[in-house]
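First up is the structure itself, then whatever we jot down about it.
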Number of protein chains: 2
Amino acid sequence: MNAPMSIQSCGNCGLSSMCLPLALTQPEMTQLDGIIKKSAPYRRGESIFRQGDAFTSIYAVRAGMVKTTVVNALGEEQITGFYFPGELLGLNGLHENVYAGTAIALETVSLCEIPFVKLDELSALLPELRRQLMRQMSQEIADEQNMMLVLAKTSAEEKLGNFLIRLSLRFKRLGFSATQFRLTMSRVDIGNYLGLAVETVSRTLTKLQQRGVIKVAGKEVTILDMDGLSGLNRNVDEPAKLVVVG
Amino acid sequence: MNAPMSIQSCGNCGLSSMCLPLALTQPEMTQLDGIIKKSAPYRRGESIFRQGDAFTSIYAVRAGMVKTTVVNALGEEQITGFYFPGELLGLNGLHENVYAGTAIALETVSLCEIPFVKLDELSALLPELRRQLMRQMSQEIADEQNMMLVLAKTSAEEKLGNFLIRLSLRFKRLGFSATQFRLTMSRVDIGNYLGLAVETVSRTLTKLQQRGVIKVAGKEVTILDMDGLSGLNRNVDEPAKLVVVG
DNA sequence: TCTAACTATTGATCTGGATCAATGTTCGAC
DNA sequence: GTCGAACATTGATCCAGATCAATAGTTAGA
């Protein structure tokens with residue numbers, strides 16, 4: 001009944017720290033303050049940038065959750081990520097000076113905007129900022145490679161299990177409960193992201209609940225058996241077979 | 001019968017240009033020369049770095065093709081990319097100072113090695129190097145997001161079509177024929193990369209050949225109908241339906 | 001040159017998840 | 001509150017691609 005609460009965090013995120021764990025001196029921070037702009041809040045469904053737009057800025061999420069998508073020539077859309085407070089949007093835009101995807105607010109979202117021109121100047125002046133930016137890009141590359149593994153290899157159960165665990169870790173990092181949280185995104189979004197039909201997402205969540213691994217009530221999820229969730233595995237019954245044989 | 005020819009390129013790749021399209025002044029190039037090391041050749045199957053190894057260097061491919069893989073907790077392996085001359089390896093390692101995947105030579109490969117410590121110093125001194133590195137990272141992020149779309153959404157035919165087209169574009173960029181080339185990697189590797197069983201790769205290639213879109217002879221591939229390949233689409237017959245209705 | 005071990009193709013069968021269909025639930029706007 | 005639209009669940013059926021199986025072809029090494 002309450003307005004849905006967006007993920008508020010970044011309490012430690014002054015503008016000057018760019019939502020990043022940066023160790024800067026006071027003059028450096030002052031320097032950043034003049035450049036990083038706090039954006040007006042975006043509402044649910046609004047786009048922050050669109051695929052093909054001229055690349056102008058990188059954004060750091062301050063509050064709320066954002067999804068990013070890419071569209072191919074056939075018009076098929078794929079969700080490429082969900083972004084939490086403290087994470088960076090637009091890192092795929094430096095390449096051709098055009099955003100390679102679209103970013104859409106899943107709830108009320110506020111951002112820091114870092115104009116790229118300025119960022120380039122600053123990179124030269126603030127080595128720690130440059131390093132942090134590269135680390136974040138590196139992290140994104142690693143994350144996406146792991147996502148490729150999930151998409152290519154796993155069953156519906158494994159995909160959902162992996163998805164919930166990764167959400168859990170990120171809520172935890174933000175200081176929220178790792179075992180109980182709200183799915184900001186719709187089932188359709190989850191399905192799109194994981195390469196599953198909505199119906200399969202629904203069925204699989206039900207199945208996991210029946211098995212006592214999680215509890216689902218609408219958007220509210222509770223993880224009851226973290227090991228069970230992370231151990232999801234095509235061959236769980238193989239050890240049992242061995243017992244029988246013996 | 002001949003020893004398989006590795007992809008030789010980077011004729012324009014002096015060590016000092018790091019296999020990258022960099023516009024540097026002469027003193028800058030001299031500076032780079034002292035830092036970038038030309039590696040001894042790696043043989044087919046040898047690893048350049050392994051998942052979990054301490055991150056020391058970024059590598060630029062000079063000749064030959066490399067595959068990268070990630071392994072998850074269950075030991076499932078996923079090929080995350082094939083790397084051509086001029087492309088960079090190890091970009092996912094900056095994050096935690098550990099390589100987040102393994103790189104393996106698919107044929108005889110030679111590399112440039114750029115020690116990261118030095119790279120960090122240089123980034124401050126050579127803005128163009130820093131920008132280029134960031135562009136490459138950005139490119140990799142965008143590529144992987146597109147791969148997520150391919151993995152999540154497309155049929156076996158679309159996957160293979162997309163795969164062949166992307167190979168084609170890269171051969172073209174290296175100055176080779178865009179319509180006739182050799183698949184350096186095995187069918188198993190292709191299947192793993194695209195999330196398909198080997199048998200499906202084989203069958204689908206045969207099907208595409210029967211349809212006259214490509215010609216396959218072992219590892220040798222000829223693209224006969226580029227548009228047919230790129231237009232692979234679940235709903236190709238829908239326009240026809242409309243005609244019938246009218 | 002021969003052999004053993006990969007690598008690739010082709011066929012037969014099976015199945016997980018897509019698709020189609022119907023119903024139930026939630027939520028924002030009024 | 002109540003209406004309509006979007007979102008979610010559940011059931012029935014179907015099919016693309018996995019898996020199992022057998023056969024070729026290719027390649028490295030003795």
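From a predicted model like this one, the values you see are computed outputs, not experimental measurements.
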Validation row, ring centre A/Phe84 to ring centre A/Phe171 under 6.0 Å: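 A/Phe84 vs A/Phe171: aromatic centres under 6.0 Å.
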What do you reckon, are the aromatic ring centroids of B/Phe176 and B/Phe181 less than 6.0 Å apart?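 Not under 6.0 Å, so no.
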Would you call the rings of A/Phe49 and A/Tyr99 parallel, tilted or perpendicular, where under 30° means parallel and over 60° means perpendicular?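 The arrangement is parallel - the two ring planes meet at less than 30°.
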Euclidean distance, atom [atom1] of residue [X] to atom [atom2] of [N] [Å, nearest integer]:
X        : N     : atom1 : atom2 : result
A/Leu183 : D/dA8 : CG    : P     : 9 Å
A/Leu208 : D/dA8 : CG    : P     : 17 Å
B/Leu205 : C/dT7 : CG    : P     : 17 Å

May I ask you to say what B/Val201 touches in the nucleic acid, namely base, sugar-phosphate or nothing, with a heavy-atom cut-off under 4.0 Å? nothing
What's A/Gly191 touching, base or sugar-phosphate or nothing? Going by heavy atoms closer than 4.0 Å.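 Result for A/Gly191 = nothing.
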Bend angle of the helix from C/dT1-D/dA30 to C/dC30-D/dG1 from five-pair axes at both ends, rounded to 10°? 60°
Could I get the full list of side chain to side chain contact (heavy atoms under 4.5 Å, CB included) partners for B/Ser202, not counting sequence neighbours? none
For B/Lys172, look at atom NZ and say whether over 12 heavy atoms of other residues, nucleotides or ligands are found less than 6.0 Å away.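 No, not enclosed.
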Distances under 3.5 Å only, N/O to N/O: pair up the protein atoms with those of nucleotides 10-13 of chain C.
| from | atom 1 | to | atom 2 | distance (Å) |
| --- | --- | --- | --- | --- |
| C/dT10 | OP2 | B/Thr206 | OG1 | 3.0 |
| C/dG11 | N7 | B/Arg203 | NH1 | 2.8 |
| C/dG11 | O6 | B/Arg203 | NH2 | 3.3 |
| C/dA12 | N6 | B/Arg203 | NH2 | 3.3 |

Does A/Val216 or B/Lys219 map to a spot on DNA chain D nearer the 5' end, using the closest nucleotide for each? A/Val216
